[in-house]
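Every heavy atom of this structure was used, including side-chain atoms; hydrogens, water molecules and symmetry mates were not. Per chain, numbering begins at 1; letters A, B, ... match sequence-line order.
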4 protein chains.
Amino acid sequence: MTEKRHIDPERAATRRRQVLDAAATCFRRSGFHGASMSEISKAAGMSAGHIYNYFASKDAIIAAFVEDNVARVMELIGNIESQADPLQAIVDDVETSVRNNIDPEHWALPLEIFAESSRNPVIAALSQDADRRTRARFRALLKAGREKYGLAVDDNTLDGRMETVISLFQGLQLRALHNPGLPIPGMIDSFRIALKALLFN
Amino acid sequence: MTEKRHIDPERAATRRRQVLDAAATCFRRSGFHGASMSEISKAAGMSAGHIYNYFASKDAIIAAFVEDNVARVMELIGNIESQADPLQAIVDDVETSVRNNIDPEHWALPLEIFAESSRNPVIAALSQDADRRTRARFRALLKAGREKYGLAVDDNTLDGRMETVISLFQGLQLRALHNPGLPIPGMIDSFRIALKALLFN
Amino acid sequence: MTEKRHIDPERAATRRRQVLDAAATCFRRSGFHGASMSEISKAAGMSAGHIYNYFASKDAIIAAFVEDNVARVMELIGNIESQADPLQAIVDDVETSVRNNIDPEHWALPLEIFAESSRNPVIAALSQDADRRTRARFRALLKAGREKYGLAVDDNTLDGRMETVISLFQGLQLRALHNPGLPIPGMIDSFRIALKALLFN
Amino acid sequence: MTEKRHIDPERAATRRRQVLDAAATCFRRSGFHGASMSEISKAAGMSAGHIYNYFASKDAIIAAFVEDNVARVMELIGNIESQADPLQAIVDDVETSVRNNIDPEHWALPLEIFAESSRNPVIAALSQDADRRTRARFRALLKAGREKYGLAVDDNTLDGRMETVISLFQGLQLRALHNPGLPIPGMIDSFRIALKALLFN
DNA sequence: CATGAATGAGGATTCATTCAT
DNA sequence: GATGAATGAATCCTCATTCAT
């Protein structure tokens with residue numbers, strides 16, 4: 001059980017949100033492990049003990065948090081979907097997306113999540129499930145886009161292209177972590193080349 | 001100081017290896033943070049205190065893994081360097097390299113290192129330095145390869161291509177973590193396409 | 001930070017006192033180094049972890065004793081200051097002050113502080129600062145007292161007399177430790193002689 | 001039992017001395033508690049394990065060390081005894097003796113010993129016994145000196161004067177610890193005044 | 001609903017001591 | 001005699017969690 005019954009469900013929802021927002025700040029600053037419940041409770045403006053009325057454990061907060069993060073990625077995909085030519089949009093937006101993924105603000109939390117996945121089976125399952133859902137959506141987008149251009153849309157091609165594009169962007173976050181002096185303009189050019197090749201072949 | 005002097009260097013090396021092997025198992029199972037020294041000591045078949053005769057700290061153990069990783073990557077680069085046409089070799093070997101990077105045996109520890117880097121400054125510095133060294137070697141290979149084909153070798157192009165290729169492979173490890181059912185053949189094709197585009201343009 | 005905020009300051013003060021009293025007992029029995037936090041927590045009737053809600057560290061506990069000591073000495077000086085003829089008062093009170101300084105209840109903790117100061121730089125700094133403050137107060141008293149008698153009050157004389165008088169009393173604590181059978185009446189006589197000579201010359 | 005039987009007693013004595021000399025260095029540098037057996041063994045040029053063939057425990061080293069220190073004090077008294085007019089010699093040598101006692105080289109070890117006394121009953125007993133012996137010798141010197149001048153030599157007077165003089169010098173060590181900027185010339189004057197008053201009254 | 005005082009298990013690390021060689 | 005590898009108990013401190021109020 002992840003949450004107690006509450007008299008006023010609306011108030012409870014607000015409280016949960018308060019905690020999750022506070023957790024986001026703390027997790028970004030200190031990591032899942034580094035952020036203590038006391039730190040989170042202070043940021044959430046409520047007592048540490050009270051948080052346990054809304055979340056069964058710290059892990060439950062992390063879990064809710066991971067779930068929350070799916071929404072953010074979905075939104076990104078939504079933005080691309082709404083464009084006239086989604087495939088071309090991906091290529092055209094390459095500068096923005098590269099710059100975004102290099103920003104620590106962007107990768108700190110995803111990295112935190114995958115790190116947690118490696119030692120917390122609950123988070124791992126959650127995280128894989130979240131990935132599955134975003135993949136499904138991205139796959140649909142890719143399929144529609146390629147059909148428009150009369151390109152192959154068999155499973156193998158579609159899934160391979162998709163995973164490779166995602167590799168590129170998730171790998172980019174790792175690069176930002178390892179090489180603080182990333183050659184941004186050069187990478188934008190290269191990403192454009194790789195994306196064109198992957199999406200339009 | 002990273003290690004005490006030992007009278008019998010061979011025995012010491014064996015002991016170090018014992019600890020490292022045990023640690024690898026534990027880190028893979030529980031993560032660097034999650035694995036306690038006592039857990040490691042049990043797996044290594046020696047007392048926790050004694051480990052400190054071979055490693056100055058828990059950090060020093062993961063540091064050893066960082067170095068191990070450098071050696072592994074350097075060897076890979078060395079293999080490519082020794083080929084007649086390195087650029088083409090990268091493309092030709094894509095099946096092997098994709099399969100290797102997908103193997104959990106391969107990425108579990110590197111990912112653990114990434115994760116630790118994101119919050120442990122000592123490991124971060126070590127890890128960035130390791131990255132710098134492998135980058136330098138890969139860059140030289142890439143430069144020589146491109147010169148042979150009369151392709152651009154200005155800094156921007158060279159560094160951008162290089163970082164993008166690395167993104168691809170490091171991202172692949174993340175994909176393997178998030179999606180256990182990766183479409184391997186499809187990815188091999190897609191990786192080949194992306195690599196060709198990146199290396200020969 | 002030396003202490004967390006507490007909602008009920010009175011209760012907190014009681015708890016702090018509990019810890020301090022328990023610590024005093026343990027420190028007297030086993031020394032600062034020898035007394036473990038767990039030993040203190042048992043004596044204080046609370047968990048070891050909880051002590052850290054009142055004191056930031058074990059050092060912070062001994063720091064509290066340093067301050068306590070300052071207060072005690074300041075009070076003594078205050079008592080002398082309020083007398084009509086402070087210099088004469090010191091000589092007249094010699095019996096009481098010798099007896100007090102010989103009492104283990106009095107010197108056990110100060111001696112523990114000295115000992116800790118000799119190898120713990122934090123405590124050393126604290127302790128030196130405490131000494132500076134009490135010295136300043138005693139010096140003023142001494143100056144005023146000597147001026148009344150038309151005696152020399154140049155820095156050299158004043159500081160020399162002061163430090164020598166303090167040596168006498170602090171040394172007395174060491175003597176009590178080393179020689180449990182101190183010849184109290186004889187020492188009172190001798191202290192009177194030495195103090196007269198030091199204060200009125 | 002403090003020591004094993006040894007085939008060659010002379011060699012054993014040398015070894016013991018090696019350890020004690022090394023210990024002196026280490027204790028001064030790091031304190032009794034701070035100096036590890038490994039540190040001492042390195043300084044003594046023999047293995048940690050081997051030390052246990054000469055001393056039953058670390059405490060036994062400390063004990064032997066305390067015993068050793070008595071000799072040093074005895075020597076000081078011996079120097080005074082050999083003078084024509086010992087009482088006057090004490091007063092005349094005041095500059096040297098004050099300067100010596102202020103030197104950290106002098107008080108570091110005694111302070112270490114008394115600190116240890118407060119938590120180690122064996123050392124406490126040893127230390128008190130050492131004090132008793134040096135006191136006896138100093139008392140004899142004082143008695144002879146005072147008889148020469150026809151001064152009172154009843155127990156009360158004699159012991160009181162003696163303990164007070166010792167207080168003065170042992171207190172001086174504490175002052176040096178607490179006040180690094182001790183007014184040395186002023187203290188020499190004051191010590192002379194106090195000593196004259198104590199010895200010749 | 002809300003607090004924060006209190007717990008206690010668990011973490012890394014150190015070090016005196018033992019013992020096989 | 002001599003070594004140093006090996007042990008394991010003990011240390012301070014942190015923090016998720018519980019619960020009386």
Atom-pair distance (CE on C:Met37; P on F:dT11), nearest Å: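 Atom-to-atom, C:Met37 to F:dT11, this comes out as 12 Å.
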Rounded distance in Å - NZ (A:Lys58) to P (F:dT14):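 Atom NZ in A:Lys58 sits about 15 Å away from atom P in F:dT14.
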Of the listed nucleotides F:dT3, E:dA16, F:dG8, the one nearest the side chain of D:Ser47: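 Minimum distance to the D:Ser47 side chain belongs to F:dT3.
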Non-hydrogen side-chain atoms of B:Asp59 and B:Leu126 separated by less than 4.5 Å: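 No, side chains not in contact.
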F:dG8 OP1/OP2 closer than 4.0 Å to side-chain N/O of B:His50: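 Answer is no, no contact under 4.0 Å.
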Closest heavy-atom pair and its distance - D:His33, D:Lys58: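 Answer, listing the atom of D:His33 first, then D:Lys58: O-NZ, 3.8 Å.
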Any D:Tyr54 side-chain nitrogen or oxygen under 4.0 Å from OP1 or OP2 of F:dG1: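 Checking D:Tyr54 against F:dG1: at least one side-chain N or O falls below 4.0 Å of OP1 or OP2.
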Residue met sooner reading DNA chain E from 5', once A:Met46 and C:Gly45 are mapped to nucleotides: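 By nearest-heavy-atom nucleotide position, the 5'-most residue is A:Met46.
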Under 3.5 Å: donor-acceptor pair, side chain of A:Glu112, backbone of A:Gly31: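 Not confirmed, A:Glu112 side chain does not pair with A:Gly31 backbone.
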Rounded distance in Å - CD (A:Glu39) to P (F:dC15):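 It works out to 9 Å between those atoms.
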Partner nucleotide, any strand, of E:dG11 [Watson-Crick/G-U, under 3.5 Å]: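 Because both required distances fall under 3.5 Å, E:dG11 counts as paired with F:dC12.
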F:dA2 OP1/OP2 closer than 4.0 Å to side-chain N/O of D:Arg15: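 So the side-chain polar atoms of D:Arg15 do come within 4.0 Å of the phosphate oxygens OP1 or OP2 of F:dA2, strictly under.
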Separation of E:dC1 P from A:Arg16 CZ (nearest whole Å):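 Rounded to the whole Å, the gap is 13 Å.
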Short side-chain N/O contact to F:dG4 OP1/OP2 from B:His6, under 4.0 Å: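 False: B:His6 side-chain N/O out of range (4.0 Å or more) of F:dG4 OP1/OP2.
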Gap between atoms CD1 and C1', on B:Ile40 and E:dT13 respectively (whole Å):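 Rounding to the nearest Å, CD1 of B:Ile40 and C1' of E:dT13 are 13 Å apart.
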D:Arg15 side chain reached by D:Val19 side chain, heavy atoms, under 4.5 Å: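 The answer is no, as the side chains (C-beta and beyond) never meet within the 4.5 Å cut-off.
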Sub-6.0 Å ring centroid separation between C:Phe65 and C:Phe27: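 Yes - the distance between ring centres of C:Phe65 and C:Phe27 falls below the 6.0 Å cut-off.
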First encountered from the 5' end of DNA chain F, between C:Phe32 and B:Arg11: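 Nearest nucleotide further toward 5': that of B:Arg11.
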DNA chain F: 5'-proximal contact among C:Gly34 and B:Gly49 (nearest heavy atom):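 It is B:Gly49, whose closest nucleotide lies nearer the 5' terminus.
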Nearest-nucleotide 5' precedence on DNA chain E, C:Ile51 against B:Ser36: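 Nearest-nucleotide comparison on DNA chain E picks C:Ile51.
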Nearest heavy-atom neighbours spanning D:His178 and C:Gln128: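 D:His178 and C:Gln128 have their closest heavy atoms at O-CG, 3.4 Å.
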Sugar-phosphate, base or nothing in reach of D:Ser41, heavy atoms under 4.0 Å: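 It contacts nothing in the nucleic acid.
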Proximal nucleotide (of E:dT13, F:dG4, F:dC12) relative to the B:Ile7 side chain: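 Of the options given, the side chain of B:Ile7 lies nearest F:dG4.
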Protein-nucleotide distance (B:Tyr52, atom OH; F:dG8, atom P), rounded to Å: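 One finds 17 Å between P of F:dG8 and OH of B:Tyr52, rounded.
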Complement of E:dT21, any strand, by Watson-Crick or G-U distances under 3.5 angstrom: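 F:dA2 is the nucleotide pairing with E:dT21.
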Protein-nucleotide distance (C:His33, atom NE2; F:dT11, atom C1'), rounded to Å: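 Distance, rounded to whole Å: 9 Å.
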Interatomic distance where CG belongs to B:Asn53 and P belongs to E:dT13 [whole Å]: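 Rounded to the whole Å, the gap is 14 Å.
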